[in-house]
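Here's the structure we're looking at; comments come further down.
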Number of protein chains: 2
Amino acid sequence: MRIGELAERTGVSVRALRYYEEQGLLAAQRSESGQRHYEEHAVGRVRLIQQLYAAGISSASILEMLPCVVTGVGAPHVIDKLRGHRSSVVKQIEELQETLLQLDNVIVSATAAYETGRPCPPS
Amino acid sequence: MRIGELAERTGVSVRALRYYEEQGLLAAQRSESGQRHYEEHAVGRVRLIQQLYAAGISSASILEMLPCVVTGVGAPHVIDKLRGHRSSVVKQIEELQETLLQLDNVIVSATAAYETGRPCPPS
DNA sequence: GCTACCTCTGACGTTAGTGTCAGGTTTCTA
DNA sequence: TAGAAACCTGACACTAACGTCAGAGGTAGC
């Protein structure tokens, strides 16, 4: 498929896909005229990249661990890095859960305050 | 307390604290000479701001919802925004949990591959 | 073969949250 | 009271992941 279709199927912009290629994260075949052509599995790859980005992992780190993620084989130092990212993700989840509690707290009391007309500061 | 102490106690840089003030997120008393002085509760406020930033909420949004977070009173449209942020946080948590599973998967198979010498692609 | 749409490269712009530096004032400690 | 350390404003720098634009060429339906 061409870049536009990949963009549409993954929900990622064409610009972002070219950027991934620039960073070495996503390869493409080229037609004679220079247009990019992607295999089916590029869809999964793009989703994986997006997930890792969302986890706050930089493109340089993703680049380093991608072969390992794809092939399942990795040198010890790469595995160490993966473990490091793992614990950072765990930490992020914990922090977000705490934020969620705070937001809930605020939403409940603000809603109550509005409904009753009586301000009621969150605990 | 002065800005240096607040920075140390919150783990946030002096520069960042001044930036929060610039954005209207964090007020300070000023001494005659112009130095900032913070109350004790500024510590909690800074941590809250950091949490919201970590949840991907922009300073403009934080500014809008901060009075509500602090006082527990909010207009309906602010409460709506809070609910919007809440669901975005929930989504982030879910995505991070999925990422965690993927990382675990990779770590396990890469470790096994290294230990046995037999590459074993992740499922 | 015309038209509309897609794609190419290259380059500069954007946003957010700082880092850093300069040049000057204030506060603390010995 | 001197010197060190902390603080002030203002300004420019930086990073990351793109957005956007220009100008040119490629592709597909009729």
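Just so we're on the same page: letters track the sequence lines, and every chain starts at 1. Note: hydrogens, waters and symmetry copies are ignored here, and every other heavy atom, side chains too, is used.
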Glu5(B)/Arg9(B) salt bridge by N-O under 4.0 Å criterion:
yes
Report yes or no: do Val90(B) and Val69(B) belong to one cluster of Ile/Leu/Val/Met/Phe/Trp/Tyr joined by side chain heavy-atom distances under 4.5 Å?
yes
The side chain of Arg36(B) is closest to which nucleotide in this list: dA6(D), dT9(D), dG17(C)?
dT9(D)
Distance check needed: dG17(C) C1' versus Leu63(B) CG, whole Å only.
16 Å
5'-most by nearest nucleotide on DNA chain D - Ser59(A) or Ser31(A):
Ser59(A)
Output the rounded distance in Å from NE2 (His37(A)) to P (dC8(C)).
8 Å
Any donor-acceptor pair under 3.5 Å joining the side chain of Arg18(B) to the base of dT9(D)?
no
Any side-chain donor paired with an acceptor under 3.5 Å for Gln51(A) and Glu95(B)?
no
Ignoring backbone atoms, establish whether Tyr19(B) has a side-chain N or O less than 4.0 Å from OP1 or OP2 of dG17(C).
yes
Are Ile57(A) and Leu63(A) connected into the same hydrophobic cluster when the rule is that any two of I, L, V, M, F, W, Y join if their side-chain heavy atoms are below 4.5 Å apart?
yes
Separation of Glu8(B) atom CD from dA6(D) atom P, in whole Å?
9 Å
Starting the side chain at C-beta, find the nucleotide from dC8(D), dC28(C), dA17(D) nearest to Gln35(B).
dC8(D)
Decide, yes or no, whether a salt bridge links Glu21(B) with Arg45(B) under the criterion of side-chain N to carboxylate O below 4.0 Å.
no
DNA chain C: Glu21(A) or Ser33(B), which has the more 5' nearest nucleotide?
Glu21(A)
Please pick, from dC8(D), dG17(C), dC8(C), the nucleotide with the shortest atom-to-atom distance to any side-chain atom of Ile3(B).
dC8(D)
Distance below 4.0 Å between Tyr53(A) side-chain N/O and dA16(D) OP1 or OP2
no
Looking at dC18(D), dC8(C), dC12(D), which one has an atom nearest to any side-chain atom of Arg15(B)?
dC12(D)
Rounded distance in Å - CZ (Arg30(B)) to C1' (dT25(C)):
14 Å
Could you tell me how far apart Leu26(A) (CG) and dC18(D) (P) are, to the nearest whole angstrom?
12 Å
Whole angstrom value for the distance that separates C1' of dC7(D) from CD of Gln29(B):
17 Å
Between P on dC18(D) and CG on Leu17(A), what's the gap in Å once rounded to a whole number?
9 Å
Indicate, with a heavy-atom threshold strictly under 4.0 Å, whether Gln50(B) touches base, sugar-phosphate, or nothing.
sugar-phosphate
From the candidates dA16(D), dC6(C), dT18(C), the one with an atom nearest any side-chain atom of Arg2(A) is dC6(C)
In whole Å, I'd like the distance from the CD atom of Glu22(B) to the C1' atom of dG19(C).
14 Å
